[in-house]
Amino acid sequence: MSKPSAGINFGEYLRKGLENSENKDKNIDQIKCLIKELNHQIQAATDKKVGIMLCTNLRAQLTNFALGLKSVEDTEAIKLQEIYAYSISNANEKKSLTKFDFGPQGFPCTIYVDGNRMTAGDIESLQENLGELLSSARTGRKISELLKL
């Protein structure tokens, strides 16, 4: 049996892992704050008739339940998120606007607008991508349908 190399510093790898974990938490917090602001502005623009939320899609929720997993962090399910528009008067009425894929550290993250994959490496580019999502005819139609409820 050979001896392990004395030149490797596992402590440095651990430090990097801890730093990456902290960065991921900060990035996801930034993304969630942006979605909250998006929700606030959509509610204001629709006279509090429509809201926006980011949540795990139903298929991922059912899979997690079937597997007995307690949280999104137990799996890669955090990648299986969607942005929904919903009726504030009837939260059961909701429409998926886009899939939302988190990167390994929150960023880069990806949304899909009219079939186009849009990846954001930071919060500013995510803001722009969400603007594109809101200005698409498909999103406009879905929010219009919710406004009519």
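It should be emphasised that the depicted structure is a prediction, and the values quoted were computed from it without experimental measurement.
Heavy atoms only, all atoms of each residue included: D114 and R138 are closest at OD1-CB, 3.7 Å. A pairwise comparison of heavy atoms in F102 and C109 identifies CA-CB, 4.2 Å as the closest pair. The nearest pair of heavy atoms linking Q105 to N27 is O-ND2, 2.7 Å. Scanning all heavy atoms of the two residues, the minimum distance from A120 to N129 falls at CB-ND2, 3.7 Å. Minimum interatomic distance between I28 and G106 (heavy atoms only, all atoms of both residues): CG1-CA, 4.1 Å.
Atom CD1 of residue I52 and atom CG of residue L134 lie 6.5 Å apart, to the nearest 0.5 angstrom. Atom CD1 of I83 sits about 4.0 Å away from atom CD1 of I35, to the nearest 0.5 Å. From C33, atom SG reaches atom CD1 of I31 across 10.5 Å, with rounding to the nearest 0.5 Å. To the nearest 0.5 Å, atoms CD (E82) and CE (M53) are separated by 10.0 Å. Annotation: the span from L146 atom CG to T46 atom OG1 amounts to 9.5 Å, rounded to 0.5 Å. Summarising the geometry, atom CG belonging to L54 is positioned 11.0 Å from atom CD1 belonging to I111; distances are rounded to the nearest 0.5 Å.
Side-chain contact check for D122 and S125: at least one donor-acceptor pair (N or O, by modelled atom type) lies under 3.5 Å. For the residue pair Q81 and D101, no side-chain donor N or O sits within less than 3.5 Å of a side-chain acceptor on the partner.
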Worked verdict on T98 versus Y84 for side-chain contact (heavy atoms from CB on, under 4.5 Å):
CA-CA 7 Å; T98 185; Y84 291 93; over 6 Å; no
Review point. Hey, mind stepping through K36 and H40 against side-chain contact (heavy atoms from CB on, under 4.5 Å) and telling me if it holds?
Key: CA-CA 6 Å; K36 284 180 184 179; H40 176 73; over 6 Å; no
*Check the pair L18 / R15 against side-chain contact (heavy atoms from CB on, under 4.5 Å), numbers first and verdict last.*
CA-CA 5 Å; L18 294 171; R15 186 195 62 72; 5.7 Å; no
Inset, instruction - For F100 and L126, run side-chain contact (heavy atoms from CB on, under 4.5 Å): C-alpha distance rounded to whole Å, both residues' side-chain angles, the deciding distance at 0.1 Å, then the answer. - result: CA-CA 11 Å; F100 191 104; L126 178 57; 4.0 Å; yes
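In this structure, the side chain of T139 does not engage the main chain of S136 through any donor-acceptor pair within 3.5 Å. A donor-acceptor pair under 3.5 Å is absent between the side-chain atoms of N39 and the main chain of G51, judged by distance alone. A donor-acceptor pair under 3.5 Å is absent between the side-chain atoms of K95 and the main chain of Y86, judged by distance alone.
Side-chain contact between L147 and V50: present, with at least one pair of heavy atoms (C-beta onward) separated by less than 4.5 Å. Using a 4.5 Å heavy-atom threshold, the side chains of N23 and F107 count as separate.
Around the NZ atom of K49, the shell of radius 6.0 Å holds no more than 12 heavy atoms that belong to other residues, nucleotides or ligands.
L38 and Y112 fall into different hydrophobic clusters, where Ile, Leu, Val, Met, Phe, Trp and Tyr are joined by side-chain heavy atoms under 4.5 Å apart, directly or via other members. Tracing side-chain contacts under 4.5 Å through hydrophobic residues (I, L, V, M, F, W, Y), one reaches M118 starting from I123; they form part of the same cluster.
Residues E12 and K16 are not paired through a salt bridge, judged by the lack of any N-O separation under 4.0 Å between the basic side chain and the carboxylate.
Listed by chain and number, the residues in a salt bridge (Lys or Arg N to Asp or Glu O under 4.0 Å) with E124 amount to none (sequence neighbours excluded).
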